[in-house]
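Presented below is the structure to which this report refers.
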Amino acid sequence: MIELIDVSKLYDQKTHALHHVSFKVDAGEFVFLIGESGAGKSTMIKLLTREERPTSGTVILDNFDVSRMKKKFVPFLRRKIGMVFQDFRLIESKTVFENVAFAMEIVGAPKDLIERRVPIVLSVVGLRHKEDNYPSELSGGEAQRVAIARAMVNNPRLILADEPTGNLDRHNSEAIMALLDDINKAGTTVVACTHDLEMVERMNKRVIELHRGRVIRDDPPSILADPAQNMVPVHPQISSEMRELLDDDQYRVASEEILVENAQEFYVPDINELRQQVTSDSRRRRHPKINSRRQINEESRDNNGQ
């Protein structure tokens, strides 16, 4: 999913934000990125979203070489990423529903899909009853849950959470982390930057620590950890109905086809293989019932032949 290969980032030709950093994050992992201020966490996020390019080395995201990607393809790359920020970044003039819907509107989602999906995602984060409220009418924890709903509504393969609990109290911090954990268990890769070491300890996830731009620690989850000591706040689980809706995103498939068509310069695996895969996935998503009937008919003919 994510791979950094000997990545360095130099600012002003003298300040090393990152220094020969290498690590890999597999699809479906939950990783905490920790370190003091100035350690390089924010730079890492900016490299993954292509706000910055590395001075040297290679940044790969979902098999795309982000470090060599042309600027015109960056918006398509970012559709694969959901961002959660410390300061929420909600639009004050829009309601909760409109804030989440806006993330779908800017990628060209059809209106009927927006009207179906947004209420479901708001239900998942426990805010369906607040869909007509404005950000000024929400608590900090509620505002961050709206931000998470906005980040996940386009079914990203990756969620980057930059200090998602930095402005929250202990109770709301646990609630937000438990919600991110639920999203991760449904298959989304999560990378969270945080200063809350106590939270990191109790979550028992993989931890990558940066110090002055270098990786000084990369610890997997402890198999000896006592689950009873971890957080167990109650949160809505991601429903099968939601997973079905989030898989039915033809506009995302279309954007991936555009990427594939123009990706020869920065795509790492065989491009023809990917094109066939995307085309196959597109057909299956658009015609699931047809494919199901076809399979039943073929099985029936086989059985009759026997």
Side-chain angles (χ1 to χ4, degrees), residues 1-13 15-29 31 33 40-85 89 103-109 150-162 188-193 208 210 213 215 249-279 281-282:
M1 182 66 189
I2 297 172
E3 186 171 9
L4 274 70
I5 305 172
D6 197 27
V7 170
S8 293
K9 179 61 180 178
L10 189 65
Y11 289 107
D12 301 324
Q13 302 301 315
T15 304
H16 273 283
L18 294 175
H19 195 71
H20 298 293
V21 170
S22 296
F23 64 81
K24 184 177 182 179
V25 176
D26 291 330
E29 276 197 273
V31 179
L33 193 61
K41 303 189 301 298
S42 295
T43 299
M44 191 83 71
I45 296 294
K46 290 178 180 179
L47 291 177
L48 292 173
T49 57
R50 246 304 294 276
E51 293 179 59
E52 300 279 1
R53 289 179 184 264
T55 304
S56 62
T58 303
V59 179
I60 296 174
L61 176 59
D62 202 17
N63 292 323
F64 287 95
D65 185 348
V66 179
S67 48
R68 293 193 298 121
M69 180 177 288
K70 291 183 177 180
K71 189 174 182 179
K72 64 181 179 179
F73 300 127
V74 172
F76 298 109
L77 171 80
R78 290 177 180 167
R79 293 184 188 184
K80 300 172 180 286
I81 303 172
M83 287 295 305
V84 181
F85 302 95
R89 300 194 186 182
M104 298 185 69
E105 292 169 358
I106 61 177
V107 299
R150 181 184 59 193
M152 65 186 292
V153 73
N154 284 324
N155 191 22
R157 289 184 172 87
L158 169 68
I159 285 184
L160 298 175
D162 191 3
T188 301
T189 306
V190 176
V191 176
C193 298
I208 297 175
L210 293 172
V215 174
D249 50 352
Q250 296 179 12
Y251 67 93
R252 192 189 73 181
V253 173
S255 72
E256 289 178 350
E257 289 171 342
I258 294 172
L259 263 178
V260 169
E261 194 65 29
N262 299 279
Q264 285 87 343
E265 296 184 22
F266 54 83
Y267 191 69
V268 178
D270 181 71
I271 192 66
N272 292 322
E273 180 181 346
L274 179 68
R275 184 181 288 111
Q276 292 173 2
Q277 179 182 341
V278 170
T279 302
D281 289 346
S282 176

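Predicted model only: the values in this text are computed from it and were never measured.
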Geometric cation-pi criterion Lys9 and Tyr11, 6.0 Å radius, 45° cone: yes

Verdict with supporting geometry, Phe64 and Lys80, side-chain contact (heavy atoms from CB on, under 4.5 Å): CA-CA 11 Å; Phe64 287 95; Lys80 300 172 180 286; 4.1 Å; yes

[X] and [Y]: which non-hydrogen atoms are nearest, and at how many Å?
{"X": "Val153", "Y": "Arg150", "answer": "CG1-O, 3.4 Å"}
{"X": "Thr49", "Y": "Leu160", "answer": "CG2-CD1, 3.7 Å"}
{"X": "His20", "Y": "Ser8", "answer": "N-OG, 2.9 Å"}
{"X": "Leu210", "Y": "Leu18", "answer": "CD1-CD2, 4.4 Å"}
{"X": "Thr43", "Y": "Ala17", "answer": "OG1-CB, 3.5 Å"}
{"X": "Pro156", "Y": "Thr188", "answer": "O-CG2, 3.6 Å"}

Residue pair Met69, Arg50: steps toward the side-chain contact (heavy atoms from CB on, under 4.5 Å) verdict: CA-CA 9 Å; Met69 180 177 288; Arg50 246 304 294 276; 3.9 Å; yes

Point-to-point distance, once rounded to the nearest 0.5 Å, from CD1 of Ile2 to CZ of Arg157: 13.0 Å

Interatomic distance, Ile60 atom CD1 to Lys24 atom NZ [nearest 0.5 angstrom]: 9.0 Å

Would you say that [X] contacts [Y] through its side chain, given a criterion of any heavy-atom pair below 4.5 Å between the two side chains?
{"X": "Leu158", "Y": "Leu61", "answer": "yes"}
{"X": "Asp62", "Y": "Leu77", "answer": "no"}
{"X": "Met44", "Y": "Leu4", "answer": "yes"}
{"X": "Leu47", "Y": "Val66", "answer": "no"}
{"X": "Arg79", "Y": "Asn154", "answer": "no"}
{"X": "Ile208", "Y": "Val215", "answer": "yes"}
{"X": "Val59", "Y": "Leu48", "answer": "yes"}

Main-chain N/O of Ile5 paired to Thr58 side chain as donor or acceptor, under 3.5 Å: no

Donor-acceptor contact below 3.5 Å, side chain Ser22 vs main chain Asp6: yes

side-chain contact (heavy atoms from CB on, under 4.5 Å) evaluation trace for Met83 with Ile45: CA-CA 10 Å; Met83 287 295 305; Ile45 296 294; 3.9 Å; yes

